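Take a look at the structure set out below.
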Amino acid sequence: MVWTISVIGLGNAGLPLSAVIAENGHSVIGVDVDESRCAMINRGENPLPQEIGLDELIRRHGGRNLKATSNYEDARGSELFIVIVPLFVDEGNNPDLSIIEGALRCVGRVISPGSTVVMETTVPPGTTAGPVRGWLEEESGLSLGEFYLAHSPERIMSGYCISRLREFPKVIGGVDGVSGEKAFQLYSRFIPNLKKVSSSEVAELIKVMEGCYRDVNISLANELFLIAEELGIDFYEAREYANHEFCHIHMPSTGVGGHCIPVYPWFLIKEMERRERFDSVRLLRTAREENDGMIDFWAERIVMASLKLDLPLSRVRICIEGISYRAGAKGLYHSRNFALARLLMRKGLAVSVSDSLYSCEELEALGLRAGGAEGCHISFDPYALKIKYNL
Ligand SMILES: NC(=O)c1ccc[n+]([C@@H]2O[C@H](COP(=O)([O-])OP(=O)(O)OC[C@H]3O[C@@H](n4cnc5c(N)ncnc54)[C@H](O)[C@@H]3O)[C@@H](O)[C@H]2O)c1
């Protein structure tokens with residue numbers, strides 16, 4: 001049987017999910033405010049070429065089983081509405097729910113009795129059963145029970161979304177028992193490895209926990225790396241033998257960027273601070289600060305390396321070989337590498353940037369000087385953490 005399923009948000013997470021649902025034989029209405037993206041998808045062109053396996057699925061289903069639109073009215077009549085639009089934190093690191101509120105209110109206007117809505121955007125625990133339910137009820141005039149509501153966090157990894165959706169365990173939890181069961185049945189039609197958990201709050205916390213685990217462990221690796229450097233000990237050799245079944249020291253880095261890991265700890269930090277439980281989130285806050293502070297360490301290293309050259313500091317040409325938040329994934333949200341390049345520029349150093357994911361025009365539009373390592377005295381690879389002398 002063919003079901004009509006709407007996916008709200010056709011970005012890095014929503015588009016691969018839509019394509020996998022379409023590949024399972026269902027009819028997908030993809031709603032996105034970006035009209036040019038919708039047109040591209042309907043022509044069978046993949047806006048995310050870095051996603052392994054997505055080209056073929058978009059070519060096969062774009063404009064057919066997967067119809068993209070910017071008009072929420074086209075989603076009316078769908079049995080299932082999946083919402084996967086972004087959630088950022090504001091300058092004070094408070095979650096900014098405005099994008100999800102806008103999307104959910106539009107969904108509320110097109111659902112009907114019997115519809116199921118599933119939130120996939122990672123949100124602070126309690127958001128689905130609280131504000132999301134409220135927005136849907138207000139806009140639809142329906143009460144929970146007349147429609148169903150659940151949370152199922154996206155657990156993909158950019159570049160490998162298709163295989164993750166097919167293999168990785170995915171969880172789903174309802175705001176009440178009936179919603180949980182209904183959403184589980186619907187998702188089972190296209191997600192093979194699906195687990196039902198007892199509530200939407202559990203499902204929400206699962207994803208937030210994963211982000212916190214990664215952030216704290218990356219900060220531990222960064223701290224151990226700094227200690228090993230200070231002691232003059234090879235961190236990588238020590239790490240190789242330290243890691244075993246019960247110990248997994250992560251890799252050090254310039255910090256943590258992207259939409260996910262640096263954002264999710266704030267959901268818990270801010271909630272505990274609101275409750276004046278400051279002591280409950282000391283570790284999470286410290287990890288955030290340590291990871292963000294890693295660019296100061298790397299800036300100092302680059303300056304120290306520059307001082308070894310027989311040149312005035314301002315004449316040392318430095319190349320940062322990557323500004324994306326992660327190697328191979330194009331994106332600048334909270335990118336520490338982009339922040340590092342700008343920090344060095346603020347120090348008055350002659351910095352150029354190269355990144356195979358960005359054209360010279362894109363780099364220049366960001367206020368950076370485009371240019372590769374050749375012609376520079378020093379280059380820094382922020383993914384391998386290697387400083388090299390070139391001239
Ligand atoms: N990308 C990942 O690797 C990843 C991993 C795990 C979880 N997630 C979750 O997915 C969420 C979305 O991330 P993403 O990477 O897909 O973001 P993205 O920026 O790539 O895409 C979001 C899409 O939503 C669209 N959009 C924004 N407002 C809209 C609205 N009101 N109605 C319809 N469409 C709207 C945008 O035009 C864009 O195409 C994240 O906030 C996170 O919770 C993402």
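Because only heavy atoms are used, hydrogens play no part in the values below, and waters and symmetry mates are left out as well, while side chains stay in. From a predicted model like this one, the values you see are computed outputs, not experimental measurements. When a ligand or atom number is given, it counts from 1 through the structure's own listing order.
- The closest protein non-hydrogen atom to atom 21 (O) of ligand 1 is Gly11 CA, 3.1 Å.
- Looking at Ser6 and Ser78, their side chains do bring a donor and an acceptor atom within 3.5 Å of each other.
- Considering backbone and side-chain atoms alike, Asn12 places an N or O below 3.5 Å from some N or O of ligand 1.
- Residue contacts with ligand 1, taken as heavy atom pairs separated by less than 4.0 Å, do not involve Phe88 at all.
- Only the side chain of Cys260 comes within 4.0 Å of ligand 1, judged by heavy-atom distances.
- The distance from the CD1 atom of Ile52 to the OH atom of Tyr160 is 5.0 Å, given to the nearest 0.5 Å.
- In this structure, Ser158 is part of the shell of residues with a heavy atom less than 4.0 angstrom from ligand 1.
- Of all atoms in ligand 1, numbered sequentially from 1 with element shown, those under 4.0 Å from a heavy atom of Leu87 are 41 (O).
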Practice problem: Would you check, one step at a time, whether the test salt bridge (Lys or Arg N to Asp or Glu O under 4.0 Å) holds for Glu210 with Lys207? | Solution: CA-CA 5 Å; Glu210 277 184 75; Lys207 180 70 198 201; 5.1 Å; no
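- Close contacts between ligand 1 and Thr121 involve ligand atoms 41 (O), 43 (O) [criterion: under 4.0 Å to a heavy atom].
- Cation-pi check for Lys330 over Tyr358 is met; the charged atom lies under 6.0 angstrom from the ring centroid and within 45 degrees of its normal.
- For atom 26 (N) of ligand 1, the closest heavy atom belonging to the protein is Val33 CG2, 3.8 Å.
- Geometrically, Arg164 engages Phe168 in a cation-pi contact defined by less than 6.0 Å to the ring centre and at most 45° from the axis.
- When only non-hydrogen protein atoms are considered, atom 42 (C) of ligand 1 lies nearest to Tyr264 OH, 3.4 Å.
- In this structure, Tyr333 and Phe88 have tilted ring planes: the angle between them lies in the 30° to 60° band.
- Annotation: Lys207 places no N or O atom under 3.5 Å from an N or O atom of ligand 1; distance criterion only.
- The OG atom of Ser306 sits 8.0 Å away from the CG atom of Leu344 when rounded to the nearest 0.5 Å.
- What sits closest to atom 43 (O) of ligand 1 on the protein, heavy atoms only, is Thr122 N, 2.8 Å.
- Taking each of Val7, Ile99, Ile261, Val85 in turn, the one with a heavy atom nearest to atom 12 (C) of ligand 1 proves to be Val85.
- Numbered from 1 in the order shown, with element, the atoms of ligand 1 that lie under 4.0 Å from a heavy atom of Glu154 read 6 (C), 7 (C).
- Proximity annotation for atom 10 (O) of ligand 1: of Ser98, Ala13, Gly102, Gly211, Ala13 comes nearest, heavy atoms only.
- A cation-pi geometry, defined here as NZ or CZ lying under 6.0 Å from the six-membered ring centre and within 45° of its normal, holds between Arg342 and Phe338.
- Contact annotation for Tyr72 and ligand 1: only side-chain heavy atoms (C-beta onward) come within less than 4.0 Å of the ligand.
- Residue Tyr333 places every heavy atom at 4.0 Å or more from ligand 1.
- By the 30° and 60° cut-offs, the orientation of the rings of Phe246 relative to His244 is perpendicular.
- Distances from atom 22 (C) of ligand 1 to the heavy atoms of Gly9, Ala103, Pro86 show the closest one on Pro86.
- Between Val31, Asp32, Ile156, Leu10, it is Asp32 that holds the heavy atom closest to atom 37 (O) of ligand 1.
- More than 12 heavy atoms of other shown residues, nucleotides or ligands fall within 6.0 angstrom of atom CD in Glu101.
- With 3.5 Å as the limit, one finds a donor-acceptor pair spanning the side chains of Thr254 and Asn337.
- The distance between the ring centers of Phe184 and Tyr187 does not fall below 6.0 angstrom.
- Protein heavy atom at the shortest distance from atom 13 (O) of ligand 1 is His259 ND1, 3.9 Å.
- Close approach to Ile84 involves these atoms of ligand 1, each under 4.0 Å from a residue heavy atom: 10 (O), 12 (C).
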